[in-house]
Amino acid sequence: MRIKSVLLAVLVTAGIVIPPTAVASADPSGWVAPLSTRGRYIVDAAGDRFKLKAANWHGASGTWTGSGDVNDPAAHHAGEIAYQTPLGLDRASIDTVIDGLAELGLNSVRLPFSNAMIHDTKPVPDLPANPGLRGLTPLQVYDRVVERLTARGFAVILNNHTTTSRWCCGLDGNERWNTAQTEQRWQDDWLFMVRRYAANKRVVGADLYNEVRRNVFDDPNWGWGNGTDWQRASQRVADRIQTEANPDLLLIVEGINWTGLPVDGLPHGRPTLEPARTLSHTLVDSGKLVYAAHFYGYTGPNHSGATGTGETHDPRYRDLSPQELRDVLYRQAFFVSAETGKHYTAPLWISEFGEGRHTTDAASRAWFENFVRHLAETDTDFAYWPAVGFHQDGTGNGWSLLSWDTGGRRVDVLDGADWRGPAWRRLVDAPSRSGRIPDAERWSMLNLDYADFQASRKIRAMADWNPGARKGACPDGQRLSALSHTGNRGLCTGTLAAPAGYAVVRDESYVDTDWASGYTKVQCPPGHAAVGYSVTGAAFSALLCGRSPTPLGRTGRTVWFDRGDNRPSGNPGGDFASGHYKGQCAPGEYVAGVAYTGRVGSNRTPDALLCRV
């Protein structure tokens, strides 16, 4: 191993990139890529729990504050200039930083980048601690960091942190994925990055955009269908990544970080992941969605985090009692992993949190202790911000876990002089679920509010099965379980074999019994179960039926939901059509038909389901 390590170092110094397959045997953590999800847990390829114990190695996303000479360290956040590369490479070698990350008990790294960094062809300045990086562009340096992290067994999550290479996160042009660039450019850049590392299976995730928030003129939203709809934009780019670039990646969607003007008396706040409760994401390849959220003590559920201009009288997270904090955290984010068996159930990754080494404020210290305790108690995946920083004689910004001075001397969170050390050790050593995670029942929303929502690879490969209508199709292996009376929403579930064929039904050709007298009944052929539906305007248009590879039962019942909800006890799958009546078949049943009426006062929306078992 010593000979191999020396040889590897020589090759890296010489500028030779080692293919990921060449170092696959160097597996210090023993996990098997790629990663996926089962219920609230991330698992490796063997089905074993893989808890993200991560930190953010920032810098490639930009450290410049937006004013002053970009080459002057004083014009960079806390004087920490990164040259659009992961911070600290002028002071410590890549492997030295990785050694430090491993010593802190980490197994993964969130690696921010900017879109500007991707396209910058100018070589970075000489980085004295890494002479092998001389002459490389920022993206090529990023490549080397990814290569060395994954060769050492770390999981790497690519994070589109900023568009322009500026320190985040204010009114800086980086508020949304499309503030300083087109959405098409954002999508194309993501496909470029995903394809670049597709052969390296330890690059496990794509964190789609950081801290989506208001700019000067407008707010992001979740589900409005317009150019500032973060739910739709993240769904679209996730679709393209899975279908055009790399289906193995975890797709990580952060909540909305801020909406409204931070002025007392005007609406404002931090929606975070709350909108996912009624409108979640459905991926073409299930088992790849992770939700993420950020929490800092100096911000709050309705506090921007500002002091002076932009400050309101709302409480900050550090002002909350431990119980108040737990309640707010649950409402804003932790529900997605705590509530199992819902369409929004997913692993939760707290991809940013942190506090300063030099903090003396009692409330800030208590917040950090309470938050870390909550992470440990809930067995939640995490990524500290930031991993790396600068110091001089022990002083400096102090938020990082690892800091180096210009002579390469390190201080860190576990050096005995850092008040955060005991809490950090409790966090990384906290008891966690481990070992094999059983398959979990999957629930998926279909959302036909504005466009087609076809989550099936097989259906996407087919010709248009109902031209002119908006069409929804369950992910391959799932069947339709529920519909809303109005609102065009559907719910899918199951882990079945994909259908052996499909039939599109628009009329009563296959009705074998009058299960909804006086209503128009659209029924699947024998041996078929509903896997999709279409609408024209608000009206039901057609049923997409998949031929089951195994025999289906014929015993049925009618589930009416035109005057109220009609769902199994406990509302399995969660509220998939908030504010609308919903009908749902019981576990073990399948949807065999949909009934509607064209009577005066009706909009031909679904009124009843034929549920068979």
Nearest-0.5 Å distance that lies between atom CZ in Arg40 and atom CZ in Phe334: 9.5 Å
Side-chain ion pair, Asp48 and Arg436, N-O less than 4.0 Å: yes
Separation of Asp327 CG from Gln332 CD (nearest 0.5 Å): 11.5 Å
No-hydrogen, no-angle side-chain donor-acceptor test under 3.5 Å, Ser444 and His343: no
Donor-acceptor pair, side chain of Gln584 and main chain of Pro572, under 3.5 angstrom: yes
Short side-chain donor-acceptor distance under 3.5 Å, Asp207 and Trp349: no
Main-chain N/O of Lys582 paired to Asp565 side chain as donor or acceptor, under 3.5 Å: yes
Glu369 bridged to Arg426 by N-O distance under 4.0 Å: yes
Intermediate values then yes/no, side-chain contact (heavy atoms from CB on, under 4.5 Å), Glu274 and Thr272: CA-CA 6 Å; Glu274 290 184 67; Thr272 321; 5.5 Å; no
side-chain contact (heavy atoms from CB on, under 4.5 Å) evaluation trace for Cys474 with Leu446: CA-CA 7 Å; Cys474 297; Leu446 297 181; 4.1 Å; yes
Side-chain donor/acceptor of Asn246 to backbone N/O of Val194, under 3.5 Å: no
Short side-chain to backbone donor-acceptor contact, Ser484 and Arg489, under 3.5 Å: yes
Charged N-O contact under 4.0 Å between Arg457 and Asp285: yes
Option passing ring-ring contact (aromatic ring centres under 6.0 Å, His included) with Phe295 (candidates Phe382, Trp385, Tyr317, Phe353): Tyr317
Over-ring placement of Arg202 relative to Trp31, 6.0 Å and 45° cut-offs: yes
Heavy-atom closest contact (Leu191 atom, Ala245 atom, distance): CG-CB, 4.2 Å
Electrostatic pair Lys201:Asp248 at N-O distance under 4.0 angstrom: yes
Check: Pro322 main-chain N/O paired with Asn370 side-chain donor or acceptor under 3.5 Å: no
Polar side chain donor-acceptor pair, Tyr330 to Glu339, under 3.5 angstrom: yes
Residues Ser432 and Asp379: side-chain donor-acceptor under 3.5 angstrom: yes
Side-chain ion pair, Asp452 and Arg470, N-O less than 4.0 Å: no
Any donor-acceptor N/O pair, Asp575 side chain to Ser578 backbone, under 3.5 Å: yes
Euclidean distance, Ser434 OG relative to Lys51 NZ, rounded to 0.5 Å: 10.5 Å
Ion pair Asp476/Lys458, N-O distance below 4.0 Å: no
Ser534 (side chain) donor-acceptor with Ala542 (main chain) under 3.5 angstrom: yes
Heavy-atom check, side chain of Leu483 versus side chain of Val594, under 4.5 Å: yes
Arg460 and Asp239 ion-paired at < 4.0 Å: yes
Verdict with supporting geometry, Gln323 and Arg326, side-chain hydrogen bond (donor to acceptor under 3.5 Å, both in side chains): CA-CA 5 Å; Gln323 186 58 54; Arg326 285 192 291 270; 2.8 Å; yes
Polar side chain donor-acceptor pair, Gln454 to Trp465, under 3.5 angstrom: yes
Nearest non-hydrogen partners of Cys545 and Val531, listed with the distance: C-CG2, 4.2 Å
Test log, rule side-chain hydrogen bond (donor to acceptor under 3.5 Å, both in side chains), inputs Asn257 and Arg270: CA-CA 5 Å; Asn257 194 258; Arg270 200 175 303 278; 3.0 Å; yes
Salt bridge Arg196-Asp143, side-chain N to carboxylate O under 4.0 Å: yes
Test side-chain hydrogen bond (donor to acceptor under 3.5 Å, both in side chains) applied to Asn488 and Asp449, step by step: CA-CA 6 Å; Asn488 302 320; Asp449 289 2; 5.3 Å; no
Close aromatic pair by centroid cut-off 6.0 Å: Tyr291 and His281: yes
Nearest heavy-atom neighbours spanning Val388 and Ser400: C-CB, 3.4 Å
Matching residue for Tyr384 among Arg110, Glu355, Glu352, Arg420 - test: side chain to side chain donor-acceptor pair (under 3.5 Å): Arg420
Under 3.5 Å side-chain donor-acceptor pair for Asn115 and Asn160: yes
Least distance between heavy atoms, Cys524 atom then Leu543 atom: SG-CD2, 3.7 Å
CA sep, side-chain torsions, deciding dist, call: His58, Asn56, side-chain hydrogen bond (donor to acceptor under 3.5 Å, both in side chains): CA-CA 6 Å; His58 77 297; Asn56 287 266; over 6 Å; no
For the student: nearest non-hydrogen atoms of His374 and Thr378, plus distance: O-OG1, 2.6 Å
Side-chain heavy-atom pair Cys168, Arg213 within 4.5 angstrom cut-off: yes
CZ-OG distance between Arg38 and Ser286, expressed to the nearest 0.5 angstrom: 13.5 Å
Heavy-atom side-chain contact between Leu279 and Asn447 under 4.5 Å: yes
Gap separating the NZ atom of Lys342 from the CH2 atom of Trp443, nearest 0.5 angstrom: 9.0 Å
Any donor-acceptor pair under 3.5 Å from Tyr197 side chain to Glu147 backbone: no
N/O donor-acceptor pair under 3.5 Å between Trp190 side chain and Leu208 backbone: yes
Heavy-atom closest pair, residues Ala482 and Phe576: CB-CZ, 3.6 Å
Euclidean distance, Cys585 SG relative to Leu480 CG, rounded to 0.5 Å: 8.0 Å
Between Trp222 and Tyr344, ring centroids under 6.0 Å: no
Sole candidate of Asp189, Ile118, Thr162 that passes side chain to side chain contact (heavy atoms under 4.5 Å, CB included) when paired with Phe113: Ile118
Note: Asp44-Arg49 ion pair, threshold 4.0 Å (strictly below): no
Donor-acceptor pair, side chain of Ser456 and main chain of Ile459, under 3.5 angstrom: yes
Salt bridge present between Glu589 and Arg612 (N-O < 4.0 angstrom): no
CA sep, side-chain torsions, deciding dist, call: Leu52, Ile157, side-chain contact (heavy atoms from CB on, under 4.5 Å): CA-CA 10 Å; Leu52 294 177; Ile157 295 92; 4.2 Å; yes
